[in-house]
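Notes follow once the structure below has been shown.
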Amino acid sequence: MFVVIEPGSEPGSLRLVDVDETGGVLADTMVEREDASSAVQIRETESPRWVFARTSELYPQLLARGIRLGRSHDLALCRVILRRSTTTSGPLHDAPLDEWDAPREAPRDDGLLSGLGVAGSMRDRADAVAELQRQLATIQGATSPWRLRRLLAAESCGAMIACEIHADGLPWRRDVHNRLLTEALGPRPVFGGRPATLEQLANSIRAALAAPALNPDSPAELLRALRAAGLSVNSTSKWELRGIEHPVIEPLLRYKSLSRLMTANGWAWLDEWVHDGRFRPDYIVAGVVTGRWATDGGGALQLPKQVRPAVIADDGWTFVVADAAQLEPRIVAAMAGDVRMAEAGHSKDLYQGLVDAGTVDTRAHAKVAMLGALYGSTTGESARLMPRLMRDYPRATGLVEAAARAGERGEQVTTWLGRSSPPPADSWRAMMRAAAQVSATPAQERAARSARREWGRFTRNFVAQGTAAEWALCWLAELRHRLRSMGEASSRPHLVYFLHDEVIIHTPTEHADETAAAVQKAADAAGRGLFGDFPIDFPLGVTITRSYAEAKP
DNA sequence: TAATCTGGCCAC
DNA sequence: AAACGTGGCCAGATTA
């Protein structure tokens with residue numbers, strides 16, 4: 001049973017439309033503002049699949065009223081998948097773009113339209129029931145409906161989880177963060193400018209380079225000053241500076257590190273992004289083409305190790321931090337049905353498994369070779385080690401190689417559950433056509449070859465990263481389901497952070513062990529859900545800790 | 001002055 | 001040692 005839920009004509013009111021599994025409308029009800037919460041709660045006891053035009057536009061309002069739902073279908077997110085998938089066909093696949101394809105409207109924060117604002121937007125005037133019917137028909141006619149259903153359910157559940165994480169927030173101690181900044185940088189400057197430690201380092205750099213007016217924040221100025229001081233460098237990046245013998249190097253590298261801390265996660269960041277002891281990421285579900293989540297503001301995709309000590313659980317609570325070990329190699333092994341690589345991953349460390357199998361001699365080599373296969377490197381150590389991987393694991397390596405070749409031919413590639421890569425741009429095809437002409441110049445041929453290989457690296461990585469992302473979505477959904485039955489509503493373990501293959505759960509201390517067990521069970525269930533009986537393991541690194549900085553990565 | 005580009009660095 | 005995939009975000013530099 002589906003229930004389409006959308007804002008009614010009055011602020012706070014709701015329209016609920018019951019739709020059966022084939023798209024037939026059973027009932028169409030308007031609910032007044034005062035009755036909205038209880039009406040939704042009552043319907044929730046039947047565990048329907050709630051259908052949102054866009055989860056991010058309505059679900060936060062439900063969360064604010066204390067409502068959390070079990071299952072959902074996000075029309076806008078699902079349309080993107082269904083339209084682009086190589087496993088679907090029919091009207092939805094071929095129709096001209098309409099408002100359901102439009103990118104998300106920028107969230108408005110002016111207060112004028114908040115709450116009722118979404119009721120007046122274009123999207124909600126669009127016919128959600130008709131769109132659901134189109135999507136159901138498209139799923140029905142897909143090559144593998146069960147895979148798509150699983151993907152769409154996980155994607156939609158992810159959309160709810162993204163809202164819930166935002167609402168709950170990641171515990172963040174301002175006092176700890178502030179102390180950390182002061183110890184590293186000196187006191188916060190009252191009128192802006194550089195804090196004391198940073199200014200001292202800037203002066204050391206100027207002295208060592210005999211450049212009294214140098215602004216070390218300007219790469220161009222800095223490069224000129226380094227060269228004038230006799231250093232033969234091509235850039236000011238730290239990997240190139242590291243290893244050079246010169247008095248400027250030590251203060252310069254320290255300056256870079258501290259300057260980064262200051263500009264990315266300094267006092268200004270703290271003021272803007274941490275309120276009431278919580279950091280609230282704005283996740284963009286499927287914001288990455290591969291299906292990974294992106295984020296908007298706050299740099300939630302890159303919480304530096306330097307500031308993680310500020311992430312501390314509430315009193316009486318703790319974190320369960322879990323990350324999937326060597327996720328992408330395991331995903332590729334399972335997709336390819338590579339029993340031998342799956343066997344190497346039977347231990348907790350797949351890279352060590354490759355060493356034990358005699359493929360390579362060290363764990364570091366195993367990792368470099370594997371990442372080279374996943375990213376498509378063509379030079380250096382990983383290219384040298386790759387042939388051993390191809391020899392011992394022809395199925396797994398063959399899968400990513402085939403994805404690369406398909407991309408080079410301009411074809412789309414598709415994940416295990418049915419998310420497809422975008423076709424290359426018209427300009428890409430034009431480039432290939434131009435290079436194929438007899439009149440093509442060597443420069444054109446070179447550029448085309450380079451662009452072709454680049455697109456091949458993208459599609460190569462797409463199948464692995466994209467399928468890993470859908471495994472992670474299934475993991476999240478399974479985990480959320482398990483957490484929902486634990487404890488009381490006010491003291492229930494809940495997700496507070498997610499990043500690609502890692503989660504943080506904030507849990508009352510007494511539920512920590514149970515939560516740690518649940519997160520691994522969820523990973524096992526996600527693996528079975530995707531790959532059935534194929535003998536692939538998805539071990540996690542799990543840490544129970546009150547401080548994120550203490551979690552072993 | 002605002003928008004866009006560049007170099008650099010953080011995360012997985 | 002990076003190259004080689006996906007992102008976000010900053011300050012400075014350049015362009016409109």
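Each chain gets a letter, A, B and so on, in the order its sequence line appears, and its residues count up from 1.
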Notebook entry, point to check: Any side-chain N or O of A:S218 under 4.0 Å from OP1/OP2 of C:dA13?
Noted result: yes
Next item on the list: Quick one: label A:G299 by what it contacts on the DNA or RNA (base, sugar-phosphate, nothing), any heavy atom closer than 4.0 Å.
Entry: sugar-phosphate
Notebook entry, point to check: Looking at residues at least two apart in the chain, or sitting in another chain, which of them share a ring-ring contact (aromatic ring centres under 6.0 Å, His included) with A:W293?
Noted result: A:Y283, A:F498
Notebook entry, point to check: Going by heavy atoms in the side chains, are A:E240 and A:N234 under 4.5 Å from each other?
Noted result: yes
Next item on the list: Only counting residues at least two apart or in another chain, list the ones meeting salt bridge (charged side-chain N to carboxylate O under 4.0 Å, His left out) with A:R480.
Entry: A:E164
Item checked: Qualifying side-chain hydrogen bond (donor to acceptor under 3.5 Å, both in side chains) pairs, either residue in residues 451-460 of chain A, two or more places apart -> A:E401-A:R460
Margin query: For nucleotides 1-12 of chain B, give me one character per nucleotide, 5' to 3': B if any protein heavy atom sits under 4.0 Å from the base, S if the only such contacts are to the sugar-phosphate, - if neither.
Written below: -------BBBSB
Check: Hey, can you pull the residues of residues 454-464 of chain A with a non-hydrogen atom under 4.0 angstrom from DNA chain C?
Finding: A:R457, A:F458, A:N461
Next item on the list: Using atom CD1 of A:I284 as one end and atom P of C:dG8 as the other, report the distance to the nearest whole Å.
Entry: 9 Å
Notebook entry, point to check: With sequence neighbours left out, what residues match A:R280 under salt bridge (charged side-chain N to carboxylate O under 4.0 Å, His left out)?
Noted result: none
Item checked: Distance, rounded to the nearest Å, where A:Y283 contributes OH and C:dT6 contributes C1' -> 16 Å
Margin query: Just to be sure I understand the rule, does A:G298 reach a base, reach only the sugar-phosphate, or reach nothing, if contact means heavy atoms closer than 4.0 Å?
Written below: sugar-phosphate
Next item on the list: Would you please name every residue forming a salt bridge (charged side-chain N to carboxylate O under 4.0 Å, His left out) with A:R194, sequence neighbours left out?
Entry: A:E199, A:D217
Item checked: Contact nearer the 5' end of DNA chain C, comparing A:E272 with A:R242 -> A:R242
Checklist line | Where at least one partner belongs to residues 379-427 of chain A, residue pairs that pass ring pair (Phe, Tyr, Trp, His ring centres under 6.0 Å), sequence neighbours excluded | finding: A:W416-A:F531
Check: Using a cut-off of 4.0 Å on non-hydrogen atoms, how would the nucleic acid contact of A:G287 be classed: base, sugar-phosphate, or nothing?
Finding: nothing
Check: Can you tell if the side chain of A:P422 reaches within under 4.5 Å of the side chain of A:R84, non-hydrogen atoms only?
Finding: yes
Check: How do A:S382 and A:D217 order along DNA chain C: which one's closest nucleotide is nearer the 5' end?
Finding: A:S382
Next item on the list: Mind checking A:A294 for me? I need base, sugar-phosphate or nothing, with any heavy atom below 4.0 Å counting as a touch.
Entry: sugar-phosphate
Next item on the list: List in chain and number order the residues that pass salt bridge (charged side-chain N to carboxylate O under 4.0 Å, His left out) with A:R254, two or more places apart in sequence or in another chain; answer none if no residue qualifies.
Entry: A:E250
Item checked: Atom-pair distance (CE on A:M370; C1' on C:dG5), nearest Å -> 13 Å
Atom pairs and distances, side-chain donor-acceptor, residues 518-529 of chain A, under 3.5 Å, sequence neighbours left out:
unit_1: A:Q520; atom_1: OE1; unit_2: A:L540; atom_2: N; d: 3.1
unit_1: A:Q520; atom_1: NE2; unit_2: A:D524; atom_2: OD1; d: 3.0
unit_1: A:Q520; atom_1: NE2; unit_2: A:F538; atom_2: O; d: 3.1

Checklist line | Near-strand residues of residues 157-170 of chain A, defined as heavy-atom separation under 4.0 angstrom from DNA chain C | finding: none
Note to self: Please classify the nucleic acid contact of A:N215 as base, sugar-phosphate, or nothing, using heavy-atom distances under 4.0 Å.
What the structure shows: sugar-phosphate
Next item on the list: Could I get the full list of ring-ring contact (aromatic ring centres under 6.0 Å, His included) partners for A:F319, not counting sequence neighbours?
Entry: A:H506
Item checked: Whole angstrom value for the distance that separates C1' of C:dA3 from CD of A:E240 -> 14 Å
Item checked: Between P of C:dA2 and CZ of A:R384, the distance in whole Å -> 16 Å
Margin query: So that I can tick it off, tell me whether A:D74 and A:R54 are bridged by a salt bridge, with the cut-off set at under 4.0 angstrom between side-chain N and carboxylate O.
Written below: no
